[in-house]
Amino acid sequence: MIKPFEPDLVYYEPGALDYPLGKELVARFQSMKIPVRPTTSHNQVTGLPGETPLDKYRIAKRTLVIGVKKSLKFEQSKPSAEYAIPLATGCMGHCHYCYLQTTLGKRPYIRIYVNLDEIFSQAEKYIQERAPEITRFEAACTSDPVGIEHISGSLYKTIEFMGKQPLGRLRFVTKYANVESLLNADHKGHTRFRFSINADYVVKHFEPGTSPLPDRIEAAGKVAEAGYPLGFIIAPIMSFSGWKEQYQALLKKLSNRLPEVDDLTFELITHRYTQSAKRVIEERYPKTKLDMDDEKRRKKWGPYGRIKYVYPKEQMDEIKDFMHRTISTYFPRAEILYFT
């Protein structure tokens, strides 16, 4: 088990002190002798130490901003959910391929939002607007909320809030194994707890700062035993020497640990990148072994007019066929939600 994240530097927005969680967090870090500084806004966080852009990036990833979510217009989160529920932004992990590399740009620090009651109130409005349809909320679009749950406690509160909503459902995904504080939450089956898992090669080379794979699998077993609907995202699926053997071994290990699960889903996403992401990745992780050879890829138009570099169709078909067959072998009752 990796050591739970604690920041080296903390900022807080003035409005954060108007909320109990904001006061609690500021007092917590002050008592730990971690530097705590006021800022007018997260956009005004300045003075981060570091001689080079790479130094500043690494320090920013160890920086926490305690803030207020001012815009309560939730972003859409298709296809996994109707809306993204904003509990936090940023992640302490250093996954080389992560899309947050580009979406968070020069502000990769972690932000915790303390106005939870206002966020929950907005979620209720969205649920009422869509009634009698079920409304799903994704809590991990821009962060890994499990990785900071020992600091914020926000996920536990959100799980219990959603448990009280007949027409509300919550889902999130994590690469962290510190799930003990969530096992006793009164979820009423309304939260799908998903884990991001991958082949040993991918975890070893491209996911520093996250929980080791055996810890994630063990945590998934505990979550299943706590009665949560369970899911796994295998992403990004990569083609490398021995990839079939490693992905089969992954699914076998998972099958050996999990109890009988009635409600189990898989989401499958192959590796892809944009040119802007490639530039950022190579700047921040200059020694990365990530395969981003444009000549071996097929161009595909993505949202907002961006071109993604994906595997050629023949290779994609081979990966899809293998993953579907292997998952069906070890988890015949599981549902594969999509492959992309």
Side-chain angles (χ1 to χ4, degrees), residues 1-2 61 80 91-103 140 143-144 146-147 172-177 194-220 230-258 265-274 277-278 280-282 284-294 296-298 308-312 315-327 329-331 334 336-340:
M1 187 77 71
I2 63 169
K61 293 280 280 185
S80 67
C91 177
M92 70 293 301
H94 280 270
C95 299
H96 294 193
Y97 52 74
C98 184
Y99 65 90
L100 295 181
Q101 299 283 0
T102 48
T103 56
S143 68
D144 189 318
V146 175
F172 55 86
V173 62
T174 184
K175 288 189 178 83
Y176 292 92
R194 291 131 74 221
F195 287 86
S196 177
I197 56 175
N198 219 309
D200 286 337
Y201 172 83
V202 178
V203 175
K204 177 182 177 181
H205 291 291
F206 309 120
E207 297 186 355
T210 64
S211 290
L213 185 60
D215 291 353
R216 294 184 218 174
I217 292 175
E218 177 61 26
L230 186 62
F232 295 95
I233 295 182
I234 306 180
I237 301 170
M238 295 187 186
S239 178
F240 55 89
S241 177
W243 68 271
K244 289 183 179 180
E245 292 80 4
Q246 287 206 21
Y247 282 109
Q248 182 171 4
L250 167 69
L251 290 162
K252 183 177 181 180
K253 290 175 189 172
L254 197 59
S255 175
N256 288 340
R257 174 58 185 91
L258 291 187
T265 62
F266 283 88
E267 298 161 75
L268 309 176
I269 306 171
T270 55
H271 180 242
R272 69 274 319 279
Y273 61 90
T274 63
K278 181 178 177 178
V280 172
I281 291 165
E282 290 177 339
R284 292 177 174 173
Y285 303 103
K287 296 182 180 180
T288 186
K289 295 183 178 181
L290 208 54
D291 183 0
M292 295 183 289
D293 184 345
D294 298 352
K296 297 178 181 177
R297 299 294 180 123
R298 170 172 57 98
K308 295 181 179 181
Y309 288 75
V310 302
Y311 289 122
Q315 202 169 0
M316 289 283 274
D317 289 344
E318 181 184 16
I319 294 171
K320 180 178 181 179
D321 179 66
F322 175 81
M323 296 302 294
H324 274 251
R325 282 190 292 104
T326 309
I327 289 171
T329 297
Y330 290 102
F331 301 99
I336 300 175
L337 298 181
Y338 59 83
F339 172 93
T340 183

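This one's a predicted model, so the numbers in the text were calculated from it and none came from an experiment.
For the pair Y309 and M292, the minimum side-chain heavy-atom distance is 4.5 Å or more. In this structure, the side chains of T210 and D144 stay at 4.5 Å or more apart for every pair of heavy atoms. Between K175 and C95, some side-chain heavy-atom pair lies under the 4.5 Å cut-off. Side-chain contact between K253 and D200 is present, with at least one heavy-atom pair separated by less than 4.5 Å. A heavy-atom distance below 4.5 Å is found between the side chains of M316 and R298. Side-chain contact check for P212 versus I2: some heavy-atom pair is nearer than 4.5 Å.
Looking at T174, its side chain never comes within 3.5 Å of a backbone N or O of F195 through a donor-acceptor pair. Side-chain atoms of K320 do not come within 3.5 Å of backbone N or O of F339 as any donor-acceptor pair. Between the side chain of T329 and the backbone N or O of R325, at least one donor-acceptor pair lies under 3.5 Å. R216 contributes a side-chain N or O that, together with a main-chain N or O of S211, makes up a donor-acceptor pair within less than 3.5 Å. With N198 contributing its side chain and I234 its backbone, the two residues share no donor-acceptor pair below 3.5 Å.
One finds the CE atom of M238 at 13.5 Å from the CH2 atom of W243 (value rounded to the nearest 0.5 Å). With rounding to the nearest 0.5 Å, the separation of OH in Y97 from CZ in R272 is 13.0 Å. In this structure, S196 OG and Y176 OH are separated by 10.5 Å, a value rounded to the nearest 0.5 Å. To the nearest 0.5 angstrom, L290 atom CG is 11.5 Å from H205 atom NE2. Taken to the nearest 0.5 Å, the OH atom of Y311 stands 6.5 Å off from the CG atom of D291. The distance from the OH atom of Y201 to the NZ atom of K289 is 6.5 Å, given to the nearest 0.5 Å.
Closest approach of A140 to Y99, counting heavy atoms only: O-OH, 4.2 Å. Residues A235 and E207 approach most closely at O-OE2, 4.4 Å, considering heavy atoms. Heavy atoms only, all atoms of each residue included: M92 and H94 are closest at O-CD2, 3.7 Å. For the pair D294 and K278, the tightest heavy-atom approach, listed with the atom from each and the gap, is OD1-NZ, 3.2 Å. Considering every non-hydrogen atom in both F240 and A199, the closest pair reads CZ-CB, 3.8 Å.
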Practice task
Evaluate side-chain contact (heavy atoms from CB on, under 4.5 Å) for Y330 paired with L254, printing each intermediate quantity in order.
Solution key: CA-CA 9 Å; Y330 290 102; L254 197 59; over 6 Å; no
Exercise for the section: Please report the C-alpha distance between L268 and I319 in whole Å, then the side-chain angles of each, then the deciding distance to 0.1 Å, and finally whether the side-chain contact (heavy atoms from CB on, under 4.5 Å) criterion is met. Expected result: CA-CA 10 Å; L268 309 176; I319 294 171; over 6 Å; no
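Aromatic ring orientation, Y273 versus H271: tilted (interplanar angle from 30° to 60°). By the 30° and 60° cut-offs, the orientation of the rings of F331 relative to F266 is tilted.
For the pair R194 and F232, the cation-pi criterion (under 6.0 Å, within 45° of the ring axis) is not fulfilled.
Using modelled atom types and a 3.5 Å distance limit, the side chains of S80 and E267 yield no donor-acceptor pair.
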